[in-house]
Amino acid sequence: MKVQLYNTASRSVEEFAPIHPPEARIYSCGMTVYSFAHIGHLKTYIASDILRRTLEFAGYEVRHVMNVTDVGHMTSDEDEGDDKMDVGAKKEGLSPWELARKYEEHFFNTIREVNIIRPQVICRATEHIQEQIELIQRLEKNGFTYITPAGVVFDSNKFDRYADFARLQLDGNIENFRTAADPDRKSPQDFSLWVLNKPNHVMQWDSPWGRGYPGWHIECSAMAMRYLGEELDIHTGGIDHIPVHHTNEIAQSECATGKTFARFWVHSAFLNVDGTKMSKSLGNLYTLDDCRAKGFTPLALRYFFLQSSYRKPINFTWDALEAAQTALAKIWEFCSELPAPSVEPLEDYLSEFRAALYDDLNTSAALAVVHKLIKSDADPAAKARTLFKMDDVLALDLATSRTRLNDLRTMRGATQDSEQKALELAQQRQELRKQKNFAEADRLRGEIEALGFTVMDTPAGPQVKPLG
RNA sequence: GGUGGCGUACCCAAGUGGUAAGGGAACGGUCUGCAAAACCGUCAUUCACCGGUUCGAAUCCGGUCGCCACCUCCA
């Protein structure tokens with residue numbers, strides 16, 4: 001069975017076949033590291049992680065490259081004249097380099113917590129200036145550039161397929177919707193390859209055209225080619241990149257090489273919060289740290305995303321995350337009581353699971369198979385083997401469920417002290433129950449609940465568990 | 001102005017021609033001194049609305065209404 005993926009380039013689901021089997025070469029657009037990664041970023045990177053794990057599940061050897069955009073590029077409305085990297089650096093009293101490293105580190109720490117496999121190659125734009133210059137020179141040699149006082153510009157009119165990928169209508173009034181960063185551009189959709197004459201910009205390098213810095217789009221093309229060759233199997237990113245960033249990547253890459261830049265374009269839809277766009281100004285921009293502060297384990301967020309499709313916008317609410325965490329905790333409870341796994345997995349469940357994933361990464365259907373298996377009357381040891389195999393893709397830490405449950409307990413605010421105290425009360429209550437003093441026993445349960453625990457009378461004696 | 005998406009139970013959500021997955025919540029039962037946990041069961045004759053095609057539609061076609069995102073650095 002082959003993996004089927006929705007390809008933005010054709011707007012249809014296609015069968016995946018790599019150019020250099022058994023290797024699958026994936027390039028993922030990484031983050032611009034001027035601020036904290038938020039849960040919207042995680043949605044996108046979890047999607048590319050599921051893609052990567054699914055391909056590995058299917059037997060491909062995945063070579064995964066992700067960039068780090070550590071050169072600032074654009075002016076934001078309120079900070080006229082400086083780019084975000086410079087603005088952020090000034091605000092925090094750091095150099096742009098220090099700022100980039102700080103948020104880069106935060107980003108990779110964050111994605112590790114939701115079990116995203118770190119790409120084999122992480123490449124920084126600032127460390128590949130030479131590759132970018134060389135690519136611009138190729139474009140210049142092929143006649144796709146022109147120079148203005150603002151820098152070297154890509155001439156989109158020389159590339160007749162420019163509008164195809166995003167289905168842009170260039171004869172419309174696109175000029176009203178694309179900021180005129182450079183009054184000397186021939187067309188509003190033309191874009192910078194190398195920026196000149198920005199003396200206030202902190203990061204600057206020498207180039208054949210003068211001192212300056214690379215345009216945003218060129219870094220991805222240059223680094224993707226450096227590490228994966230001129231033709232990629234899959235290029236991933238957020239859906240917002242289709243009209244500008246990926247359109248420009250395709251233009252500059254294909255005009256330089258004459259080859260198809262990427263066979264598959266896989267885009268993740270955006271995450272909304274409470275039915276609307278997530279943004280700092282609305283106060284609904286959340287990070288993984290915010291989730292943890294509210295008592296959620298990072299994997300609850302991963303489970304939440306897996307419940308729906310990467311290709312559909314998802315609406316984040318705290319209630320929805322709560323439901324996801326409850327469901328995940330129940331799976332962990334189940335797995336923590338499984339015996340040692342058998343040697344052979346249950347092929348029928350596994351193939352149903354596989355079919356779901358190969359159908360354009362239908363994680364929602366894949367999770368349904370997980371629940372079906374859990375509820376089945378199959379042999380527990382075989383269930384364990386099968387579930388752990390599925391977890392190669394899901395990455396919900398099923399094999400270490402017991403530890404995860406303990407972490408969750410700690411996270412939910414159950415301190416060692418209060419748990420100890422609750423347990424002592426529970427033991428006193430047990431004595432009262434033996435004496436049939438139920439009124440007093442119920443009073444003690446009230447006290448235990450006030451501490452944030454619920455009592456469970458088990459054959460092995462009373463146990464306490466954090467509420468909620 | 002352009003591009004794309006969405007509207008399925010109380011909530012999240014899968015399903016793109018064959019008669020509504022899954023999860024959460026809720027409710028009923030078993031168990032229990034009472035609970036908790038666990039287990040069993042119940043929970044959309046119906047998929048925004050109207051019309052059409054079809055033996056058959058949540059799925060296809062036409063129309064209507066509503067919601068959202070992107071087109072500017074953006075995951």
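Protein chains get the first letters and strands the later ones, always in sequence-line order, with residue 1 at the start of each. Quantities reported herein were computed from a predicted structural model and do not represent experimental measurements.
- Rounded to whole Å, atom C1' of B:C34 lies 16 Å from atom CZ of A:R443.
- Remark: the A:S364 side chain and the B:A21 base include a donor-acceptor N/O pair separated by less than 3.5 Å.
- Atom CD1 in A:I331 sits roughly 14 Å away from atom P in B:G22 (whole-Å rounding).
- Across the protein-nucleic acid pair, A:E333 atom CD and B:G23 atom P stand 16 Å apart, rounded to whole Å.
- One interatomic measurement links the two molecules: CG of A:L373 to P of B:G23, which rounds to 13 Å at whole-angstrom precision.
- The side-chain tip of A:R433 does not point at the ring of A:F438 from less than 6.0 angstrom away and within 45° of straight on.
- Here the separation of B:A26 from B:G33, taken at their C1' atoms, is 26 Å to the nearest Å.
- Counting atom types as modelled, A:R429 pairs a side-chain N or O with a base atom of B:G33 as donor and acceptor under 3.5 Å.
- Remark: C1' of B:A69 and OH of A:Y310 are 17 Å apart, rounded to the nearest angstrom.
- If you measure from atom CG of A:L271 to atom P of B:C12, you get 14 Å, rounded to the nearest angstrom.
- Inter-residue side-chain proximity for A:H246 and A:C220 is flagged as unmet; no heavy-atom pair is nearer than 4.5 Å.
- Atom NE2 of A:H246 and atom P of B:A75 are 11 Å apart (whole Å).
- Ion pairing between A:R311 and A:D360 holds under the 4.0 Å rule for side-chain N and carboxylate O.
- If you check every strand for non-hydrogen atoms under 4.0 Å, A:L42 touches nothing.
- To the nearest 0.5 Å, atom OG1 of residue A:T236 and atom NE2 of residue A:H64 are 5.5 Å apart.
- Using a 30° and 60° split on the angle between ring planes, A:W265 and A:H267 fall in the parallel class, below 30°.
- In this pair, A:Y45 does not lay its aromatic ring on the base of B:A75; centres under 5.5 Å and planes under 30 degrees do not both hold.
- Below the 3.5 angstrom threshold, one finds no donor paired with an acceptor across the side chain of A:N315 and the base of B:C11.
- Put simply, CZ on A:R433 is 10 Å from P on B:C34, counting in whole angstrom units.
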